[in-house]
Amino acid sequence: MEDLQERWTSALEDHLPDAVELRHRVHADPRVSGEEEDTARLVEEALGIPMARLADVGRIGRIGPQEGPAVLVRGELDALPLAEETGAAFAASNGAMHACGHDVHLAALVAVVRAARGLDLPLGLVPFLQPREETYPSGARDAVESGELERLGVAAAVGAHVHPAVPPGQVATGGGVVNAAADELHITITGQGGHGAYPHRASDPVAALAHTLLALQEVVRRHVSPMRPATLSVGHVQAGAASANVLPSRAVVLATLRTTDATDRQVVLREVQRAVAAQAEVFGTTAEVRVVPGEPVLDNDVQLVEHMDAWLVRAGIEPTEPMRSLGADDFSYLGEQVPAVMSFVGVRVEGHDEPPQLHTPAFLPTDEAVRDVARAMVAGYLGAVQRLGA
Ligand SMILES: [Zn+2]
């Protein structure tokens, strides 16, 4: 296997110039979630292997041994609805932007697959071009539900994501929870509006809303140990028209719930219903809580991480502190099915000592990121091979 890593790494160098050029083409012509067909076709052509469609415009294939277990390596297809402000020669101008580095991931995946041709892979390698990472319904979930992963023998999954908070040249892995489960709460409070001068004759959704906001914060504090990360953030409230003296009949709250433990998730969702109903009742209103379930917890397989770290070290890359956050990534749907690792790859951004954040209009990793992500993917594949005992 050491020999395989060496030959793979040196073959990568031959394919990087084309991969970087592909990165620029993908970056210059981004497609937002649900509209990634053109990007998928471009990358499929560059991969040059037979691929099947799944999850609408997604693509999946298999190289190496065609029988037995295989390791999936993911590249996301979608860009964000954001006007680019990087000033790069290959900047996008269609109002969308690869501000999450998916252009880099796709190019790296192409380099990894092309460099693997002619190598004797011990297990199948399944490149997965995934649509709709940034929106619901999740492309990863659709892929899992399609049954295509089982058909291809996927027994482990590897993801590598650029991250501005990781020092360049380093890769953050880390066993256990690295991202949260994310659910949306859509709360509607209904009452009987009225005149602001006669609040005693109305049932006032604005008052109920104000107390509901406070009660929501207490739900996590009352029911989740502070030793297990969880948070609930309200991102939107709406009630009434722009009028000072009309009490409206309806108020709306949108919130995101992030949890890192399956039981906490269920308990908080149940207790939110109770807290909201109780506040509504106090004010003579009624309330409805609609839960829009999102990604499950992203849990890195501990053994797989240990193996991958060792391969990173052999490749001269320093595995660094895990990048744990209450962010969410739908790669977690794959992690629910098979042992999986999501790694975060450090990048530089030209002209910035501190790189801009993901999802901002100035986020543009240098082209070195293609090599670094490709090497992380190779280390992940080799780690997964060991994890599967092959
Ligand atoms: Zn992303």
Side-chain angles (χ1 to χ4, degrees), residues 22-23 26-27 29-36 39-40 43 55 57-59 72-82 84 86 92 96-110 112 127-144 157-166 171-174 178-182 256 258 294-300 322-335 340-349 355-367 369-370 372-374 376-377 380:
L22 175 71
R23 187 247 169 149
V26 169
H27 189 95
D29 195 15
R31 294 289 183 272
V32 295
S33 313
E35 298 174 13
E36 306 99 327
T39 305
V43 178
V57 302
R59 302 285 199 283
L72 176 147
V73 185
R74 177 182 81 155
E76 315 92 312
L77 289 163
D78 50 346
L80 292 151
L82 199 75
E84 179 158 357
T86 64
M97 179 188 173
H98 274 290
C100 197
H102 298 176
D103 53 333
V104 173
H105 308 160
L106 291 168
L109 182 55
V110 168
V112 166
F128 170 35
L129 311 182
Q130 186 204 309
R132 283 180 279 113
E133 191 277 320
E134 304 283 4
T135 52
Y136 298 120
S138 146
R141 197 193 65 185
D142 284 357
V144 167
V158 173
H161 203 298
V162 295
H163 206 294
V166 176
V171 175
T173 55
V178 290
N179 271 178
T256 182
R258 304 298 169 112
E295 299 89 338
V297 169
L298 175 48
D299 213 339
N300 274 350
M323 265 299 306
R324 302 190 202 278
S325 81
L326 294 185
D329 188 306
D330 71 350
F331 185 78
S332 57
Y333 286 109
L334 302 171
V341 57
M342 170 55 84
S343 57
F344 299 97
V345 179
V347 291
R348 283 194 315 115
V349 174
Q357 301 223 351
L358 294 169
H359 292 209
T360 62
F363 182 72
L364 185 75
T366 58
D367 287 332
V370 177
D372 293 344
V373 170
M377 287 173 170

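Numbers for residues simply follow the sequence, beginning at 1. From a predicted model like this one, the values you see are computed outputs, not experimental measurements. Counting starts at 1 for both ligands and their atoms, following the listed order.
Side-chain N/O atoms of Gln130 and Asp78 include no donor and acceptor closer than 3.5 Å.
Here Arg141 does not pair with Asp330 in a salt bridge; the nearest charged N to carboxylate O distance is not below 4.0 Å. Comment: Arg348 does not engage Asp372 in a salt bridge, judged by the lack of any side-chain N to carboxylate O separation of less than 4.0 angstrom. Salt-bridge check for Glu134 with Arg132: failed, with every basic side-chain N at 4.0 Å or more from each acidic carboxylate O.
Protein contacts to the Zn ion (ligand 1) involving N, O or S atoms at a distance below 2.8 Å are Cys100 SG, His102 NE2, His161 NE2.
Not counting sequence neighbours, the partners of Asp29 by the salt bridge (Lys or Arg N to Asp or Glu O under 4.0 Å) test are Arg31.
Note on ring orientation: taking the six-membered ring where Trp is involved, the planes of His102 and His161 are perpendicular (angle over 60°, cut-offs 30° and 60°).
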